[in-house]
Amino acid sequence: MARRVRKAIFPVAGLGTRFLPATKVMAKEMLPVVDKPLIQYAVEEAAAAGIEYFVFVTGRGKSVLVDHFDHAPELEELLGSRGKEQELESLLDAMPDPGKVFSVRQQVPLGLGHAVWCAREFIGDEPFAVLLPDELLMSTPPGLKQLLDVHADVGGNLVAVTEVPAEHTNRYGILDVESDDGRVAKARGMVEKPNPEDAPSLLANIGRYILDPAVFTYLDKQLTGAGGEIQLTDAIDATTDTLPFHGVRFEGERFDCGDKVGFLTANIAFALKRPEMADRVRTAITQLLA
Ligand code: UTP
């Protein structure tokens, strides 16, 4: 039985270059899907999976991400005095308990592995989760919970995966699969963004991880990998000699919100799930397509 996972890292220090100019002064992870920023979906997913402590790895201009989970006294007072109960509730609902949100700074965005390494002191010597907020998951049970349920049995390192078309392997960390029961794949390793001809499988990591603190031993070396960045994939790959490594097929809908079309699709999909607006959205889409 693996140790319980209590802490989650949210790396949010990236530059979001694919979303410029929107991300010139605004964090990509604050982009809203319908009316909630991406970061809030990720925090809610982690909380629903039983995570207790949330650490944001932020960078320059990203403090707003931490502020989003703090009180806004003037606004709350104003909403209260105007009787806007529902709006006020939507703010208070987003608030984790006091003392549960932390942030560390990644001064230079040297890569995802480096961002995770920046949170090493906060994690200490226990297994932890990593969620990339620009991967938006819609599922019951929540994406991270699906991983945690398997982690309780197998321990070690786990990533959520989905099968991607061969021509897309160079966008993802791709698993080198040893055996596969159709839901959980035991893997020998993982390669970051391989070209289709070099990809060991079509199982791609979709931004949810449960990791053993042993990955920090590799990250301590600060070695660069694909794209000249310090890659989390390489750290996981380097620990497969000593730790089990599994990919768990994610069951649900996934939206790559780091990509413009993925982000727009997520907005439509989430809006269609909202009873108060679904009909109007459907009508608007039908009119646009006519
Ligand atoms: P991405 O590569 O998708 O994000 O990293 P990016 O670099 O911000 O976006 P583009 O490609 O330039 O458009 C995945 C996640 O890892 C974080 C990002 O903030 C994002 O949430 N990240 C990435 C860091 O925190 N630090 C890094 O050095 C790199």
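For this chain, numbers begin at 1 and follow the sequence in order. This is a predicted model, so every value here is computed, not measured. Atoms within each ligand, like the ligands themselves, are counted from 1 in listed order.
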Within one Ile-Leu-Val-Met-Phe-Trp-Tyr cluster: V150 and V177, side-chain cutoff 4.5 Å
no
Can you label the angle between the F122 ring and the F102 ring as parallel, tilted or perpendicular, going by 30° and 60°?
tilted
ring-ring contact (aromatic ring centres under 6.0 Å, His included) between F270 and Y41, worked out:
CA-CA 11 Å; F270 275 78; Y41 286 97; 5.1 Å; yes
Relative to ligand 1, is T17 under 4.0 angstrom through side chain, backbone, both or neither, heavy atoms considered?
both
Could you measure the distance from the CG atom of L202 to the NE2 atom of H168? Nearest 0.5 Å is fine.
11.5 Å
Considering heavy atoms of the protein only, find what lies nearest to atom 16 (O) of ligand 1 and give residue, atom and distance to 0.1 Å.
L112 CD1, 3.7 Å
Which heavy atom of the protein is the closest neighbour of atom 28 (O) of ligand 1, given with residue, atom name and distance?
G111 N, 2.8 Å
Ignoring hydrogens and angles, state whether a donor on the side chain of T233 or N205 is under 3.5 Å from an acceptor on the partner side chain.
no
Go through it in stages, so that I can follow the logic: the residues are D212 and T239, the test is side-chain hydrogen bond (donor to acceptor under 3.5 Å, both in side chains), and I'd like the CA-CA distance, side-chain angles, deciding distance and then a yes or no.
CA-CA 9 Å; D212 188 279; T239 54; over 6 Å; no
Is ligand 1 under 4.0 Å from a heavy atom in the side chain of E29, in the backbone, in both, or in neither?
side chain
Between T23, L15, I230, flag the one that comes closest to atom 7 (O) of ligand 1 by a heavy atom.
L15
Closest protein heavy atom to atom 2 (O) of ligand 1, given as residue, atom name and distance to 0.1 Å
R18 NH2, 4.4 Å
Is it the side chain, the backbone, both or neither of H114 that has a heavy atom closer than 4.0 Å to ligand 1?
neither
Closer than 4.0 Å to some heavy atom of Q106 - which atoms of ligand 1 meet that?
24 (C), 25 (O), 26 (N), 27 (C), 28 (O)
Looking only at heavy atoms, is any part of A115 under 4.0 Å from ligand 1, and if so is it the side chain, the backbone, or both, or is it neither?
side chain
Considering only non-hydrogen protein atoms, determine which one is nearest to atom 22 (N) of ligand 1 and report residue, atom name and distance to 0.1 Å.
G14 N, 3.6 Å
Using heavy atoms and a threshold below 4.0 Å, how should the contact between L110 and ligand 1 be classified: side chain, backbone, both, or neither?
backbone
If the cut-off is 4.0 Å to any non-hydrogen atom of P133, which atoms of ligand 1 fall inside it?
21 (O)
Which protein heavy atom lies closest to atom 17 (C) of ligand 1, and at what distance to 0.1 Å?
P11 O, 3.5 Å
Would you say V55 and V64 are hydrophobically clustered, going by side-chain heavy atoms of ILVMFWY under 4.5 Å?
no
Residues E126 and K7 bridged, charged N to O under 4.0 Å:
yes
Hydrophobic cluster mates of L137, side-chain heavy atoms under 4.5 angstrom, ILVMFWY only, any path?
I206, F250
Below 4.0 Å from any atom of ligand 1, is there a heavy atom belonging to G258?
no
To the nearest 0.1 Å, how far is atom 5 (O) of ligand 1 from its closest protein heavy atom, and which atom is that?
D134 OD2, 4.5 Å
Besides I174, the hydrophobic cluster formed by Ile, Leu, Val, Met, Phe, Trp and Tyr side chains linked at under 4.5 Å, directly or via other members, contains V164, Y172
Which heavy atom of A129 sits nearest a heavy atom of I51, and at what distance?
CB-CD1, 4.2 Å
Proximal candidate to atom 25 (O) of ligand 1 [heavy atom criterion; set G207, A27, G16, A13]:
A13
Does the residue K28 have a heavy-atom contact with ligand 1, meaning some pair of atoms that are separated by less than 4.0 Å?
yes
